[in-house]
Amino acid sequence: MKYTWVNILKGIGITFVVLGHISSGYTTDLIFLVHMPLFFFISGFLFKKQNKKDFFLKKTISLLLPYFVFLFILYPIEYPYPAGKNILKYILKALYGGQLLNNGLIAFWFITCLFLTQQLFNLIIHKINSKKKIALIVFLFLISSYINSEFYPSFRLPWNANVAAAAIPFFYVGYLFKQLNYSINKIILSILFIAALISAYFQNNVIYDMKSTNYGIPFISFILSLGLIFFIIEFSKRIQKINFMSYPLKYIGERSIIIMFLHQPIYIYLKNNDLNINTFITLFIITGISCLFYFIFKSFTITRALFLGSRKDLYLLLKIKKFN
């Protein structure tokens, strides 16, 4: 991989996701300013313009197939079907997803929102050739996300589709970061980093809670979130050759999708059985068990296809010979 630091970035990001759900206080406030925006930024950085149909199929297999497999397994566990309840409503809640999925499924919204964000952005750059017009459209998405957050906070769409309006600006900045090969001014970066630390400590509304459409202080939270993202990028680049620091982060970064799906069910199990001993021990146990599941899923063709979204293995199962 050309950008080896990206997996370190993913590792830091998924660590923040887990910590955000198992810790509280100032640490959580600071994490919620950056953890999900970071993943949309990474996705934008890795994005390549592709044929719309091919891209749709590729992401349906890599994102939505594991999403529905995990949902099918975990939904009845997290939401046991009560006798006498309307079965149709029970199923529709699962299909609606997004804001309605909590407890052990609290992070599932990200997968569907990411899928929609990727498809929408790919459509935009196919339809519009002007870079200025694309930038304007992205800005309008940002404005619409603030309208949703400030004036219509109860407005929700299936799969948290409305959150794509807040995700696309981070996705776009990640895309530009790679395309233009940005260099980050160290003085500005330091100022933004310190400002984010101080603001999150003194101001409760400096946050970017994307699932609940709470985007903090308009523009200010967005800029501070980007400042933290750029700081984490610089940190990732600097430690990539320090093996004892970079290796564990790369290791869990490569397994971040499974940790995203499983960290909360594992945490709830630990909590319900009084095994939630210490935040960092809990973090270690959650990531360890998730990585063990990844190893199991990686070991068989059918599990690679269903749980990891491997097109090659899915095509093998379906006996489709051609694979691009």
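A quick note: this is a predicted structure, and the numbers were derived from the prediction, not measured.
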Q: Are any side-chain N or O atoms of N214 and backbone N or O atoms of I207, one a donor and one an acceptor, separated by less than 3.5 Å?
A: no

Q: Under the 3.5 angstrom rule, does the side chain of S225 hit a backbone N or O of L33 as a donor-acceptor pair?
A: yes

Q: Just checking, K178 and F45: is the charged tip under 6.0 Å from the six-membered ring centre and within 45° of the axis?
A: yes

Q: For the CD1 atom of I61 and the CG atom of L314, what is their distance to the nearest 0.5 Å?
A: 5.0 Å

Q: Hey, could you give me the CG/CG distance between L228 and L189, rounded to the nearest 0.5 Å?
A: 9.0 Å

Q: What is the distance from atom CD of Q179 to atom CZ of F47, rounded to the nearest 0.5 Å?
A: 9.0 Å

Q: Taking all atoms of both residues into account, what is the closest heavy-atom pair of C291 and I259, and its distance?
A: SG-CD1, 4.5 Å

Q: To the nearest 0.5 angstrom, please state how far the OH atom of Y96 sits from the OG1 atom of T112.
A: 11.0 Å

Q: Between N102 and I106, is there a donor-acceptor pair closer than 3.5 Å when you use the side chain of the first and the backbone of the second?
A: no

Q: Just wondering, more than 12 heavy atoms not from F55 lying within 6.0 Å of its CZ?
A: yes

Q: Once you round to the nearest 0.5 Å, how far does CD1 of I285 lie from OH of Y267?
A: 12.0 Å

Q: Run the side-chain contact (heavy atoms from CB on, under 4.5 Å) test on M210 and W109 for me, step by step, so that the C-alpha distance in whole Å, both residues' side-chain angles and the decisive distance to 0.1 Å come before the verdict.
A: CA-CA 10 Å; M210 300 184 78; W109 72 270; 3.6 Å; yes

Q: Got a donor-acceptor contact below 3.5 angstrom from the W159 side chain to the F110 backbone?
A: no

Q: What are the two closest heavy atoms between F108 and L71, and how far apart are they?
A: CE2-N, 3.8 Å

Q: Quick one: does E78's side chain have a donor or acceptor within less than 3.5 Å of a partner on G104's backbone?
A: yes

Q: Is there a side-chain contact (heavy atoms from CB on, under 4.5 Å) between I143 and F219 once you walk through the steps?
A: CA-CA 9 Å; I143 295 298; F219 301 108; 3.6 Å; yes

Q: Do the ring centers of F297 and F307 come within less than 6.0 Å of each other?
A: yes

Q: Does atom OH of Y269 have more than 12 heavy-atom neighbours from other groups under 6.0 Å away?
A: no

Q: S145 side chain to L142 main-chain N or O, any donor-acceptor pair under 3.5 Å?
A: yes

Q: Do any N or O atoms from the side chain of N51 and from the backbone of K53 form a donor-acceptor pair under 3.5 angstrom?
A: yes

Q: Heavy-atom count check: over 12 atoms from other residues, nucleotides or ligands less than 6.0 Å from Y26 OH?
A: yes

Q: Shared ILVMFWY cluster between L100 and L95, side chains joined below 4.5 angstrom?
A: no

Q: Are F115 and F56 near enough that their ring centres are under 6.0 Å apart?
A: yes

Q: Could you walk me through whether V34 and I229 pass the side-chain contact (heavy atoms from CB on, under 4.5 Å) test, one step at a time?
A: CA-CA 7 Å; V34 69; I229 289 172; 3.7 Å; yes

Q: Can you check whether Y90 and Y75 have ring centres sitting under 6.0 Å from each other?
A: yes

Q: State whether the number of non-hydrogen atoms from other residues, nucleotides or ligands found under 6.0 Å of Y81 atom OH is greater than 12.
A: yes

Q: Tell me the closest heavy-atom pair linking N162 and L157, and the distance in Å.
A: OD1-N, 3.1 Å

Q: Quick one: do L74 and I91 end up in the same hydrophobic cluster if we chain Ile, Leu, Val, Met, Phe, Trp and Tyr together by side-chain heavy atoms under 4.5 Å apart?
A: yes

Q: List, one per line, each side-chain donor-acceptor pair under 3.5 Å for residues 238-245, sequence neighbours excluded.
A:
| residue | atom | partner | partner atom | Å |
| --- | --- | --- | --- | --- |
| Q240 | OE1 | T4 | OG1 | 2.5 |
| Q240 | NE2 | K237 | O | 3.2 |

Q: Can you establish whether the number of heavy atoms outside K131 located under 6.0 Å from its atom NZ is more than 12?
A: no

Q: Run the ring-centre check on F193 versus F230 and record whether the distance is less than 6.0 Å.
A: no

Q: Is there a donor-acceptor contact under 3.5 Å linking the side chains of R156 and T213?
A: yes

Q: Do the side chains of L317 and L64 join up, straight or via other hydrophobic residues, at under 4.5 Å, putting them in one cluster?
A: yes

Q: Under 3.5 Å, is there a donor-acceptor pair between the side chain of S43 and the main chain of F39?
A: no

Q: Can you see which heavy atom on G11 is nearest to which on T15, and at what distance?
A: O-OG1, 2.7 Å

Q: Counting distance only, does the side-chain N/O of S290 pair as donor-acceptor with the main-chain N or O of T287 below 3.5 Å?
A: no

Q: For the ring-ring contact (aromatic ring centres under 6.0 Å, His included) test, which of Y208, Y172, F177, F222 pairs with F41?
A: F177

Q: According to a hydrophobic-cluster definition based on side-chain heavy atoms being under 4.5 Å apart (Ile, Leu, Val, Met, Phe, Trp, Tyr only), do I302 and I257 belong together?
A: yes

Q: Assess the residue pair I296 and T303 against the criterion (side-chain contact (heavy atoms from CB on, under 4.5 Å)); give the C-alpha distance rounded to whole Å, side-chain angles, the decisive distance to 0.1 Å, and a yes or no.
A: CA-CA 8 Å; I296 295 170; T303 49; 5.7 Å; no

Q: In Å, rounded to the nearest 0.5 Å, how long is the span from CG of L38 to NZ of K10?
A: 11.0 Å

Q: Look at the side chain of Y79 and the backbone N and O of A94, then say whether any donor-acceptor pair between them is shorter than 3.5 Å.
A: no

Q: If hydrophobic clusters are built from ILVMFWY residues whose side chains come within less than 4.5 Å, do I124 and V173 share one?
A: yes

Q: Take atom NZ in K127; do more than 12 heavy atoms of anything else shown fall under 6.0 Å from it?
A: no

